[in-house]
Every structure is written in structure tokens, then in C-alpha cells.
S.K.: 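Just dropping this structure here.
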Amino acid sequence: MSTTPSSLAWPDGLRFAFGTLTVLPVKVTRWDREAARAGMLCAPLAGLLVGASAAVLGVLLLFLGAGELLAAVASVAVPAVLTRGLHLDGLADTADGLGSGKPAEDALRIMKQSDIGPFGVITLVFVLFAQVAALAQLFGDSWARGAVAAVVSATVARLALTLAARTGVPAARPEGLGAAVAGVVPVRGAVVAAVAVTLAAAGAGAFFGPYDATVAVTLGPTDTWAFPEPYDAVRTALAVLAALAVAELLLRHCTRRFGGVTGDVFGGLAETAATTALVVLSLGR
């Protein structure tokens, strides 16, 4: 089987990504491995749309006179709404499974239960508080910083799913979304996606971020030109890399504990990556 999707699979891949990772009325027409591969490679595009929607609502509220806290709450709510809370539910279930301390089979059974245990509740509270607090600070700095953070965090959250679906990462169960996408993305494709998102995020940070310092260039005996130095380009790229690193640590831990990935683990990875990106972007202000 080819390690990269054919040109015919990309439209199906886009439908797969938006149909499974958002609530948009997109009909998934193919569930085979090739469509899943293309879909997981397109996952950051779904995140881009989700993040842009969150940014637009947050900025709109700011322009209407709302405070930074309300704008942050609204921006955090948008990804939850556009995913029917599936990623948050996956985070809670993963926390319950890990926190149970039970063998893999028992932990997976706990994760499949419809209720949320104490570990899940505590994790949700702290994660949502962290996301709102970070975004409120960023919106307080400027509407552009908050908007960029909302877009970057949602995009890197889905990029974490692309990396988690790479070759070599097994599924913990033989059924479910985790089994459908586990191991479908070639490592090379995952790396290319990560590099592309990191560079795009750095560009967004440079374009919308503040210019806190200048670089002086001497052009002659009396002429010196000062050019702005965009620190936010580096900060935004580091936020993406930090988010992926923390998500990778969680992925490896879940793989050891559960024997592989599940749909809940994917949700936990997405929320972990998004939160890490927001926290890093809020530091050093």
C-alpha cells in the first residue's frame, strides 16, 4: 500500500477531517485507511477553521465593548461547541483511565463508561481555567495576540492528532475512531505537517505580534536605520513545539498504560496541546 494518499483521496480526506473533527454537516464518504490517512494529514486545516471561528468571536466581543475575560470564555467555548465537547470528554476519560491506576483492560473499561469520575472533573476544571486565563491575558495585551493564540492553539491541537496517528503507534482497541486512524500517517508526512504548521505559526506571530526591540543597521557614516525585531515569531514557534512535545509525552504514557491509542486519548492529546500552546504564548509578557 502506498505511504502517501493518492490525489483522489484528498477530497475524501478533507471530508474525513471536517466530518470527524467538527460538527460541520460534512458527509464522510470513505472510511478506508487511505481516506483516514489523508484526513489525519488534513486535521490541522480543521483546527485552523475552528481557531479562526474562536478568534472572530473573541475579537467581535472586544470590539462590542466586552472585557477580555468574556472574550476569552467565548473563544474557549467555540472549539467545545464545534466538536460537541468530544475532545474535552476524551480528556476527562483519559484522566480517569490514567488516574485509576488499574491494568490496561480495566482502565479502558473505565474510559468507556458514560459518566465522568473525579480525576476527569478535576482535569477539566484546571484545563479550562488555564485556557481562559491565558487567553484573557493575551486579549488584554491586544486583540491581535488573542486572535493569533486562539488560531494557533486550535491548529496545533489537531496537529497533535496527526502526529499521534503516525506509523508505529498502535490502537488500544480493535474498534472505534482510534483504531480507524491509528498508524495511518507516514512519519515523513507527520513531520512535514509539523514543520508547515510551525512555520505558519511563526509567520502569524511575526505579522501580528508586537515589535519590542529594534535592530540597528549602519548604512553609511551618518545613516543608521532601525528595523523592528519580531520576538513573537520565535515565541509562537516555541509554543507549537512545546505543545507537540507535551502531547508526545502524554501519547507515550498512554501507549504504555493502555497498549495504544483510543478516541479518548486523541481528545486528551488535542486539549493538552491547545492548553500548552496558550500557556507558552502567555509567558514573558
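If you're wondering where the values come from, they're calculated on a predicted model, not measured in any experiment.
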S.K.: Are Val81 and Val23 close enough that some pair of their side-chain heavy atoms sits under 4.5 Å apart?
M.R.: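 Answer no - side chains too far apart.
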S.K.: Rounded to the nearest 0.5 Å, what separates atom CZ in Phe266 from atom OG1 in Thr20?
M.R.: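 If we round to the nearest 0.5 Å, Phe266:CZ and Thr20:OG1 are 10.0 Å apart.
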S.K.: With the side chain counted from C-beta on, respond yes when Leu41 and Val192 share a heavy-atom pair under 4.5 Å apart, and no when they do not.
M.R.: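 No, every pair of side-chain atoms sits at 4.5 Å or beyond.
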S.K.: Is there a donor-acceptor pair closer than 3.5 Å between any side-chain N or O of Arg166 and the backbone N or O of Gly189?
M.R.: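 Such a contact is absent between Arg166 side chain and Gly189 backbone.
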S.K.: For a quick test of reading the model, state the closest non-hydrogen atom pair linking Ala95 to Thr123 and the distance between them.
M.R.: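 Shortest heavy-atom separation between Ala95 and Thr123 comes out as CB-OG1, 3.3 Å.
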S.K.: Give a yes or no answer on whether the side chain of Thr167 reaches the backbone of Val185 with a donor-acceptor pair at less than 3.5 Å.
M.R.: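 Yes: the side chain of Thr167 pairs with the backbone of Val185.
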S.K.: First locate atom SG of Cys254, then atom CG of Leu98, and finally report the distance between them rounded to the nearest 0.5 Å.
M.R.: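 Result: 4.5 Å between the selected atoms.
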S.K.: When rounded to the nearest 0.5 angstrom, what is the spacing between CG in Leu159 and CG in Leu244?
M.R.: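 Between atom CG of Leu159 and atom CG of Leu244 there are 5.0 Å.
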S.K.: Would you name the heavy atoms of Ala270 and His87 that are closest together and state the gap between them?
M.R.: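 For Ala270 and His87, the tightest heavy-atom pair comes out as CB-ND1, 3.8 Å.
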S.K.: How long is the straight-line distance from CD of Glu271 back to CG of Leu91, given to the nearest 0.5 Å?
M.R.: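 Going from the CG atom of Leu91 to the CD atom of Glu271 covers 6.0 Å.
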S.K.: For the side chain of Arg173 and the backbone of Leu108, is there at least one donor-acceptor N/O pair under 3.5 Å apart?
M.R.: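 Such a contact is found between Arg173 side chain and Leu108 backbone.
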S.K.: Restricting to side-chain hydrogen bond (donor to acceptor under 3.5 Å, both in side chains), what partner residues turn up for Thr275, sequence neighbours left out?
M.R.: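 Thr275 satisfies side-chain hydrogen bond (donor to acceptor under 3.5 Å, both in side chains) with Gln131 only.
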S.K.: Val169 and Thr255: which non-hydrogen atoms are nearest, and at how many Å?
M.R.: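 It is CG1-OG1, 4.4 Å.
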S.K.: So, Thr262 side chain and Ala172 main chain: donor-acceptor pair closer than 3.5 Å or not?
M.R.: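 Pair absent, no side-chain N/O of Thr262 close to backbone of Ala172.
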S.K.: Measuring only between side-chain heavy atoms, which start at C-beta, is Leu124 closer than 4.5 Å to Ile116?
M.R.: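 Leu124 reaches Ile116 side chain to side chain.
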S.K.: Starting at CZ of Arg257, measure out to OG1 of Thr94 and round the result to the nearest 0.5 Å.
M.R.: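 Here the interatomic distance stands at 11.5 Å.
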S.K.: With clusters defined by side-chain heavy atoms of hydrophobic residues (ILVMFWY) lying less than 4.5 Å apart, directly or transitively, does Leu69 cluster with Trp143?
M.R.: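 Result: yes, single cluster for both.
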S.K.: Please tell me if the side chains of Ser100 and Phe119 come closer than 4.5 Å, counting only heavy atoms from C-beta onward.
M.R.: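 Answer no - side chains too far apart.
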S.K.: Which distance, rounded to the nearest 0.5 Å, do you find between the CG of Leu163 and the CG of Leu251?
M.R.: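 Leu163 CG to Leu251 CG: 9.0 Å, rounded to 0.5 Å.
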S.K.: Given Thr155, which partner from the list Leu45, Leu49, Val197 fulfils the side-chain contact (heavy atoms from CB on, under 4.5 Å) test?
M.R.: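 Among Leu45, Leu49, Val197, the one that satisfies the side-chain contact (heavy atoms from CB on, under 4.5 Å) with Thr155 is Val197.
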S.K.: Do Ser53 and Leu82 come within less than 4.5 Å of each other through their side chains, counting heavy atoms only?
M.R.: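 Heavy-atom side-chain distance check passes, below 4.5 Å.
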S.K.: Considering residues, nucleotides and ligands other than Glu105, do more than 12 of their heavy atoms fall under 6.0 Å from its CD?
M.R.: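 Not more than 12 within 6.0 Å, no.
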S.K.: Using modelled atom types and a 3.5 Å cut-off, is there a donor and acceptor pairing between side-chain atoms of Arg158 and backbone atoms of Ala154?
M.R.: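 It does hold such a pair.
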S.K.: I'd like to know if Val28 and Leu161 are part of one continuous hydrophobic network [Ile/Leu/Val/Met/Phe/Trp/Tyr, side-chain heavy atoms within less than 4.5 Å].
M.R.: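 They do share one cluster, since a chain of ILVMFWY contacts under 4.5 Å joins Leu161 to Val28.
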S.K.: Between the main-chain N or O of Arg235 and the side-chain N or O of Asp232, is there a donor-acceptor pair closer than 3.5 Å?
M.R.: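 No: the side chain of Asp232 does not pair with the backbone of Arg235.
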S.K.: Which heavy atom of Leu269 sits nearest a heavy atom of Ala164, and at what distance?
M.R.: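 Heavy-atom minimum between the residues: CD1-CB, 3.5 Å.
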S.K.: At their closest point, which heavy atom of Leu278 faces which heavy atom of Ala134, and how far apart are they?
M.R.: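 Scanning both residues completely, I find the closest heavy atoms to be O-CB, 3.6 Å.
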S.K.: Connecting only ILVMFWY residues whose side-chain heavy atoms lie within less than 4.5 Å of each other, what is the rest of Leu241's hydrophobic cluster?
M.R.: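 Its cluster mates, by chain and number: none.
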S.K.: Is there a side-chain contact between Val181 and Phe16 in this structure, where contact means two heavy atoms from C-beta onward sitting under 4.5 Å apart?
M.R.: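 Yes; the side chains approach each other to less than 4.5 Å.
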S.K.: Determine the minimum heavy-atom distance between Gly117 and Asp96, stating which atoms define it.
M.R.: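 Taking every non-hydrogen atom into account, N-OD2, 2.7 Å.
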